[in-house]
Amino acid sequence: MDIHVIEKKWVKKWKDAKIFESEVGSRKKFFATFPYPYVNLSPHVGHAYSAIRNDMVIRFYRMLGYNTLFPFGFHATGEPIVGAAKRVKKGEESQIKAFEKAGIKKEEIEKFKDPEFIVKYFVNEWVKDMGEFGLAVDWRRSFYTTSLNQEYNAFVTWQFNKLKEKGLLVKGTHPVIYCPECDSACGSHDRKEGEDATIEEYVLLKFKLGDEHLIAATLRPETVFGQTNLWVNPDTSYVRIKVGKEEWVVSEIAYEKLKWQQKDLEKLGNVKGSTLIGRYAKAPMIKKEIIILPGLFVNPNVGTGIVTSVPSDAPFDYIALKMLQRDENLCKKYGLDIEEIKKIKPIPIIKTEELGEFSAEKACNDYKIKSLNQKDLLEKATKHVYKIGFHKGVMNKNCGKYAGKKVELVKDKVSEEMIKNNEAGLLHEMSEPVVCRCLTNCVIKILENQWFIKYSDEIWKKKTLKCLNDMRVLPEEARNVMKNMIIKMKDKACARKSGLGTPLPCDPKCNIECLSDSTIYMSYYIIQKHVHNKEVSVKNMKPEFFDYVLLKKGEPRIVAKKTGLSEELIKQLKKEFEYWYPVDLRNSGKDLLTNHLIFFLYNHTAFWPEKYWPKAIGANGWVTVDGMKMSKSKGNFVTLRDAINKYGNDASRLAFMDTGEGISDADFSTKAALSFKNKLVSIIERVEMLKDVKGKDKDVLDEWLLSKVQKRIKNTTIALKDYLNRTALKDSFHGLLNDVNYYYDKKKNLNTETLNYFWSVFSRLNVPFIPHTCEEVNELLGSKEFVHNLKYPVFDKKLVNESVEENVELLKDINYDVKNIIKLVGKKPKNITLIISPAWKYDFFKEFKKAFEKKKDVKELINLFMKQEEYKKNSKQIIGLINALVKDLSKLPDKVTNQKEEFEAFNKNKKFIEEEFNSEVIIVKAEDSKNLKAQTAIPGKPGILIE
RNA sequence: GCGGGGGUGGCAGAGCCUGGUCAAAUGCGCAGGACUUAAGAUCCUGUGGGUUAGUCCCUGCGAGGGUUCGAAUCCCUUCCCCCGCACCA
């Protein structure tokens, strides 16, 4: 049997019958989406995972009676496709090889110089592969993004005009890591070095010195209240520059940096560091004249090469000051009066419990730092002081109006105040050097007049938080991740100079970037069906069209006239939107939790009333292959096509869904996939063999199987409602197969009715996981209908039989024990005698359980039982049991029935034991046995005697 | 640094919220068996360590303490790992 042939057959049948093409109706609907993939590659197994999870939920809800919709779009917005096309044009080896590896013929490569061709090529590949994979997708609703698709382009244009109208699209300024050679922002993927570099914000403090300003850079503006002096490196050459109307003195390197961040900069001349020493400059905020001292430790590459000194809270400053105060020669060299220098004392400004008011001094003592040469220790101490000071510190009385306030709360306020009073400015620095792929050193540039989406807007934020709060998020821990992100949200720059996309209406030279043009497009799937049907095209898509269909604005008669569409059609579109919206589930990889999904929520709250806000988000982890991150170099890169060819659709689906769940990563195990493939074949074979099953008699095993099946149904349904694929599979697939294996194994004369029922349930219950196999099984069972059109199995309480299940469990236990003993004895038994626990033990165990809940003391418990006549005669055994039970309560049997019931149960089922061991089984009550083993018997665990 | 999540068998991964009936569901791998001419598949049995005329005992959930009659689970301390922090899709 070839499973691939079977799967292909069903994929075709579904397609021909259009069972996944969804139309509005009167039934309840379920609309599930997942983020459209970026189409610069053919799909690989990682892509497939989120799609399968969505597919699983869709099939489940479909069989619960919902009208389901699963659309599938494609994302082409952004840089990579254009980049790849450029690289092909340039004839770059690696890029061409990558395409060739993806199965593109050499003579075709030429065409990949055109981004549009790349988009169309891969969209086609995706539809082909995903289609063959049998997803329950309504392919009429597929589209790709960017201006290459005029209709979608019109939709996004409308969206951004609306955002602007609402005041949510604003202009602003922001710093980026920038490559001067490429003349564009240099993202982490474009870098050769410094991928992890971040932008740090230094506050530039202005110290008035005559007509000039010495500019010192600091990361701790709140410590200005403790300034005692300035450090200037006497050996460094500084430059005097004109900044607007002011003259600044900074290091040469700082000037180079500032050029990118300040307007109207002009170099006036050089200043030798040593010439500044000993002079006094007026410090910002405290407005005090402080002395400029020689700081040989000052690095001209960092900040501005000028440092303000706060010896109370900065270990470097503290040690440098102490050293200078001892160094008569150095003072003399720069003409300083050492006695004056010695008068400089740290000014306490921040107090913490751990470090007191002189944290730098304390830290230096703790770390045993004596000299500036201990640079590593000084850096450690600085970090430590900062961490404690910032998070736990409180500003003291020397800090003016900030006294008594927490450091973390005032830090920004202090710098804001100084900037406002023109006592300070800003300098952006990279946390580490960045080199662009083009080998140019990057700088930080301040981009001006950039368009931002105003995600920082407090009202909008609040609405979005409410939306998140009211929806389901699965798994739950994803909610916290998102919540924290929303709270932290700043405005998002939404325009890019390069890459594909929709032009920003208010600045058409720029395209809308990839995460901003994909926030409310789920609504566009509804419109796309009509574009596909050629009923609507870009010329109809006036703003009034979207206003009416999506926002219910306007008179149908006027809108129809304006758009050139019939009134009927636009009414129909509006109706469809109102039917399918809101999105019931958006399932996504966890990587989108802190960006795309947030924007998705934000924009929905901006465009629609609560009624249309998304109902649920599901997140899943990454996919690894055989425990390793998928990569081409490791040779473990599996495309979806590979998986389909090798394992088939259902086995691949199982390999995903059986391994990962929730936000942790899923491991696609190739061995497991292969083993699933075999298992699926054997399932179909078994069902084919059903025709030879003729048995009519029913016994405990039939009842047991039916009862087990009910529990499997119940557990599967509960798990699926929480999108827990793995948990669900444990019951629906593995559980049921284990159950039925036991049945096949133990049942002498297989019962037709039982097995037909079983496989019918199996085939329906597993549709979300292995839809093709289920169709085949369903057909073999004689159904004329698609299994997808049948009802999902419903838990039937009447078929649950607890006591039968317990009996079978009991039998399993006994078999296990007997087998062990036989192994020890090492001979084939003639007789097996099971000695049922004496009647009093049943009472004892029951009473003990109750008594133990109240009293835990061994002696008290013994006394309690010894008071009772009926137990006295078994005192030895009782004391032994109590001691053992108190030590380890697990010895207490799960369930205590009574002797009569257990005796009857064993008698009824003894034939199974006899068959198992092929020997006679004798069942006696302990009271009727003289054998010593009778004493070891307890409820649920008979004494066993092998002869 | 900030935020989130983890550390359990050869591997992947349950159990933790709500302490005991739990140590390891489920899958993979491995070993043995049944079936088969044979192989594969399938099914059965076993799979932390130790011991065994007895269905058991000892040890074990990153490390160290504590609470409790009882801790993988609760509390404290400590070590280690992964992910996100935005212009990258």
Side-chain angles (χ1 to χ4, degrees), chain A residues 35 37-38 40 75 77-81 174 176-177 185 187-190 198 383 386-387 390-391 450 455 477-478 480-482 484-485 487-490 492-496 499 513-516 518 590-596 598 621-622 624 626-627 654-655 658-667 669-679 681-683 685-686 726-727 729-731 733-735 738 741-742 744-745 813-814 816-826 849 852 855-858 886-895 933 936-937 941-946:
Chain A
Y38 188 71
N40 62 338
H75 202 199
T77 310
E79 177 58 35
I81 289 173
H174 77 133
V176 291
I177 294 178
S188 55
H189 292 279
D190 305 322
T198 53
K383 258 191 175 169
Y386 177 76
K387 193 176 164 184
F390 180 71
H391 292 288
Q450 298 290 300
Y455 291 131
E477 66 250 36
N480 264 334
V481 176
M482 294 182 70
N484 289 330
M485 189 64 199
I487 291 169
K488 272 204 312 211
M489 278 300 281
K490 290 187 255 171
K492 174 158 180 68
C494 63
R496 293 288 178 276
E513 63 84 45
C514 59
L515 286 164
S516 302
S518 54
K590 65 177 172 187
D591 48 326
L592 302 184
L593 232 31
T594 51
N595 46 54
H596 163 73
I598 302 269
W622 306 106
T624 57
D626 290 328
L654 280 177
D658 195 39
T659 167
E661 185 168 88
I663 213 160
S664 56
D665 293 347
D667 184 48
S669 156
T670 51
K671 274 186 177 159
L674 213 55
S675 131
F676 281 129
K677 183 180 169 183
N678 291 327
K679 208 161 258 185
V681 171
S682 87
I683 285 171
E685 281 171 352
R686 271 193 196 182
R726 187 185 181 138
T727 308
L729 270 179
K730 199 185 123 196
D731 279 286
F733 189 77
H734 303 298
N738 282 344
N741 282 342
Y742 187 75
Y744 272 96
D745 192 38
D813 288 349
I814 288 293
Y816 179 84
D817 292 344
V818 171
K819 202 179 293 164
N820 270 331
I821 296 165
I822 291 173
K823 212 161 90 187
L824 288 167
V825 176
K849 211 170 190 172
F852 188 77
K855 284 180 188 147
K856 315 280 186 191
D857 187 73
V858 179
V886 168
K887 207 172 145 204
D888 181 3
L889 202 70
S890 73
K891 291 193 176 56
L892 198 66
D894 299 7
K895 193 162 178 189
K933 298 279 168 252
T936 65
K941 266 194 179 301
I944 300 167
L945 191 63
I946 310 275

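So that the names make sense, note that chain A is the first sequence line, chain B the second, and so on, each numbered from 1.
Taking 4.5 Å as the limit, every side-chain heavy atom of Val481(A) sits out of range of all side-chain heavy atoms of Lys590(A). When side chains are defined from C-beta on, Tyr455(A) does not count as touching Ile598(A), because their heavy atoms never get closer than 4.5 Å. Under the 4.5 Å side-chain criterion, counting only non-hydrogen atoms from C-beta, Lys492(A) is in contact with Leu515(A). The shortest side-chain heavy-atom distance between Arg686(A) and Asn741(A) falls under the 4.5 Å cut-off.
Comparing Leu729(A) and Cys514(A) by the nucleotide of RNA chain B whose heavy atom lies nearest to each, the residue mapping closer to the 5' end is Leu729(A). Both Thr77(A) and Phe676(A) lie close to RNA chain B; mapped to their nearest nucleotides by heavy-atom distance, the more 5′-ward contact belongs to Phe676(A).
Between the P atom of A41(B) and the CZ atom of Arg686(A) lies a distance of 16 Å, rounded to the nearest Å. If you measure from atom CD of Glu79(A) to atom P of C88(B), you get 9 Å, rounded to the nearest angstrom. Atom NE2 in His596(A) sits about 12 Å away from atom C1' in A89(B), given to the nearest Å. Summarising the geometry, the separation between NZ on Lys679(A) and P on A41(B) is reported as 12 Å, rounded to the nearest angstrom. The interatomic distance linking Arg726(A) (CZ) with U26(B) (P) rounds to 12 Å, in whole Å. The CG atom of Leu515(A) sits 14 Å away from the C1' atom of G84(B) (whole-angstrom rounding). What separates NZ of Lys590(A) from P of C85(B) is a distance of 13 Å, to the nearest Å. Look at CG on Asn595(A): it is 11 Å from C1' on C85(B), rounded to the nearest Å.
Distance from the side chain of Lys730(A) is smallest for A25(B) among the nucleotides C87(B), A25(B), C28(B). Between A89(B), A86(B), U26(B), one nucleotide has an atom nearer to the side chain of Lys490(A) than all others, and that is A86(B). If you check A41(B), C44(B), A89(B) against the side chain of Pro80(A), the one that comes closest is A89(B). The His174(A) side chain lies nearest to C87(B) when the options are C87(B), A86(B), A41(B). Nearest to the side-chain atoms of Asn484(A) among the listed nucleotides G84(B), G3(B), C87(B) stands G3(B). For Asp745(A), the listed nucleotide lying nearest its side chain is C43(B); candidates were C43(B), G4(B), A86(B). Candidate nucleotides C43(B), G27(B), C28(B) were compared by shortest atom distance to the side chain of Lys671(A), and C28(B) ranks first. Among U26(B), A86(B), U42(B), the nucleotide with an atom closest to any side-chain atom of His734(A) is U26(B).
Base pairing annotation: G20(B) forms a Watson-Crick or G-U wobble pair with C69(B), both donor-acceptor distances under 3.5 Å. Checking C85(B) for Watson-Crick or G-U wobble geometry (two distances, each under 3.5 Å) identifies G1(B) as its partner. In this structure A41(B) sits in no base pair that meets the Watson-Crick or G-U test at under 3.5 Å.
U73(B) and G64(B) are spaced 13 Å apart, taking the P atom of each and rounding to whole Å. If you take atom P in G32(B) and the same atom in C16(B), they sit 37 Å apart, rounded to whole Å. Remark: the separation of the C1' atoms in C35(B) and U42(B) is 9 Å, to the nearest Å. To the nearest whole angstrom, the two C1' atoms, one in A71(B) and one in U8(B), are 14 Å apart. On the C1' atoms, A25(B) is 15 Å away from A72(B), given to the nearest whole Å. Comparing the same atom, C1', in C83(B) and in G29(B) gives a spacing of 29 Å after rounding to whole Å. One P atom belongs to A24(B), the other to G10(B), and the distance between them is 15 Å to the nearest Å. A gap of 16 Å separates the P atoms of C17(B) and C22(B), to the nearest Å.
Partners of Lys677(A) according to the salt bridge (charged side-chain N to carboxylate O under 4.0 Å, His left out) rule, which considers only residues two or more places apart in sequence or in another chain, do not exist here. Residues forming a side-chain contact (heavy atoms from CB on, under 4.5 Å) with Thr670(A) (at least two apart in sequence, or on another chain): Val625(A), Asp626(A), Tyr647(A), Phe668(A).
A close approach under 4.0 Å does not occur between any side-chain nitrogen or oxygen of Ser682(A) and OP1 or OP2 of A41(B). Contact annotation: Asn741(A) side-chain N/O to C43(B) OP1/OP2 distance is under 4.0 Å.
Contacts of Arg496(A) with the nucleic acid, taken as non-hydrogen atoms under 4.0 Å apart, include base atoms.
Side-chain N/O atoms of Lys488(A) and base N/O atoms of C2(B) include no donor-acceptor pair closer than 3.5 Å.
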Run Leu654(A) and Lys679(A) through side chain to side chain contact (heavy atoms under 4.5 Å, CB included) and show every step you take. CA-CA 11 Å; Leu654(A) 280 177; Lys679(A) 208 161 258 185; over 6 Å; no

